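Naming: A, B, ... by sequence-line order, numbering from 1 per chain. Being a predicted model, the structure only gives us computed values, none of them experimental. Heavy-atom basis, side chains included; hydrogens, waters and symmetry copies ignored.
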Number of protein chains: 2
Amino acid sequence: MVVDQHSETEIDRLFQAFSDATRRDIVRRVTVGEYSVSGLAALYAMSFAAVQKHVAVLERASLVTKEKRGREQIVRGNHDGLQKARQLLDEYEAIWRQRVDRIADILAEK
Amino acid sequence: MVVDQHSETEIDRLFQAFSDATRRDIVRRVTVGEYSVSGLAALYAMSFAAVQKHVAVLERASLVTKEKRGREQIVRGNHDGLQKARQLLDEYEAIWRQRVDRIADILAEK
DNA sequence: ATATCCTACAACCAAATGGTTGTAGATCAG
DNA sequence: CTGATCTACAACCATTTGGTTGTAGGATAT
């Protein structure tokens with residue numbers, strides 16, 4: 001495998017971030033509206049610190065942004081990460097379509 | 001969070017499977033053509049057993065299928081997992097679009 | 001001024017992950 | 001038949017992950 005190390009670990013982080021139900025829920029929530037970290041923490045049956053870590057994972061994956069406002073940290077959705085993930089999966093879908101086309105061509109030759 | 005446990009852990013597995021560069025490479029390869037597990041193992045700087053585990057992770061995520069042929073196990077791409085992942089991300093994209101529409105409506109009211 | 005709220009971060013823990021080596025059973029080739 | 005190949009799986013190991021509690025500091029409200 002000779003792949004760009006930087007972007008590959010970025011993609012690792014992106015899908016890793018999506019692979020947890022709590023984090024996916026956070027992403028949905030903060031895309032619709034604003035939440036402070038403690039506001040999010042109130043929603044789940046886990047400690048504030050645990051939610052804080054989830055938000056940190058999402059931020060590193062560009063799925064969420066944080067902005068300090070007074071004593072609160074406001075969490076909002078970040079479209080960048082989602083767009084990158086979707087683009088990635090579109091590439092895999094394109095490989096499937098090429099394969100289907102290739103098989104169709106072979107059948108047509110007969 | 002009151003979510004369907006079964007499908008949620010399925011999604012966990014799906015994105016978890018995508019969060020590793022070797023596994024993503026395997027998915028691309030076996031979508032284009034057929035590979036035995038040892039055929040795949042020859043491509044990477046890791047043991048046969050490690051690749052075997054990666055394939056197992058992909059199989060559980062419905063990103064790949066295995067079929068025994070003689071003494072070999074043939075690995076092929078499985079479109080189901082990819083489709084599910086793409087559908088999921090499309091739902092997140094839809095949330096974004098709703099948000100954009102909502103903001104546009106508010107602006108239009110003024 | 002002081003108590004409360006929100007956040008950051010360290011230290012710790014159990015379980016999962018990604019890798020290894022080794023063993024054993026099928027299947028194939030000569 | 002024998003040896004080589006392919007796979008499955010167990011046992012082990014280091015690191016990461018997802019959670020906890022505790023401490024400390026900055027911002028807010030009374």
With a 4.0 Å cutoff (strictly under), does any side-chain N or O of [X] reach OP1 or OP2 of [N]?
{"X": "S38(A)", "N": "dC5(C)", "result": "no"}
{"X": "R23(A)", "N": "dG18(D)", "result": "yes"}
{"X": "S47(A)", "N": "dG19(D)", "result": "no"}
{"X": "Q73(B)", "N": "dA8(D)", "result": "yes"}
{"X": "K66(A)", "N": "dA8(C)", "result": "yes"}

Tell me the interatomic distance from [X], atom [atom1], to [N], atom [atom2], rounded to whole angstroms.
{"X": "Q16(B)", "N": "dA15(C)", "atom1": "CD", "atom2": "P", "value": "18 Å"}
{"X": "D12(A)", "N": "dT17(C)", "atom1": "CG", "atom2": "P", "value": "15 Å"}
{"X": "K68(B)", "N": "dT27(C)", "atom1": "NZ", "atom2": "P", "value": "6 Å"}
{"X": "R69(B)", "N": "dC28(C)", "atom1": "CZ", "atom2": "P", "value": "11 Å"}

- [ ] Using a cut-off of 6.0 Å, state whether more than 12 heavy atoms not belonging to R60(A) lie near its atom CZ.
- [x]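 Not more than 12 within 6.0 Å, no.
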Task: Gap separating the CG atom of D25(B) from the CZ atom of R28(B), nearest 0.5 angstrom - done: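 Here the rounded value is 5.0 Å.
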Open item on the list: Would a single hydrophobic cluster contain both V32(A) and V100(B), if residues Ile, Leu, Val, Met, Phe, Trp and Tyr are joined by side-chain heavy-atom contacts under 4.5 Å?
Closed with: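 No; V32(A) is not reachable from V100(B) via cluster members.
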Open item on the list: Distance criterion of 3.5 Å, no angle test: do you see the side chain of R71(B) paired donor-to-acceptor with the base of dT5(D)?
Closed with: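 In this structure, the two groups form a donor-acceptor pair.
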TODO: Name the orientation class of the two ring planes belonging to H79(A) and W96(B) (parallel below 30°, tilted from 30 to 60°, perpendicular beyond 60°).
DONE: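 H79(A) and W96(B): perpendicular rings.
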- [ ] Using a cut-off of strictly less than 4.0 Å between a heavy atom of the residue and any atom of DNA chain D, enumerate the qualifying residues of residues 48-60 of chain B by number.
- [x]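 F48(B), A49(B), Q52(B), K53(B), in order of number.
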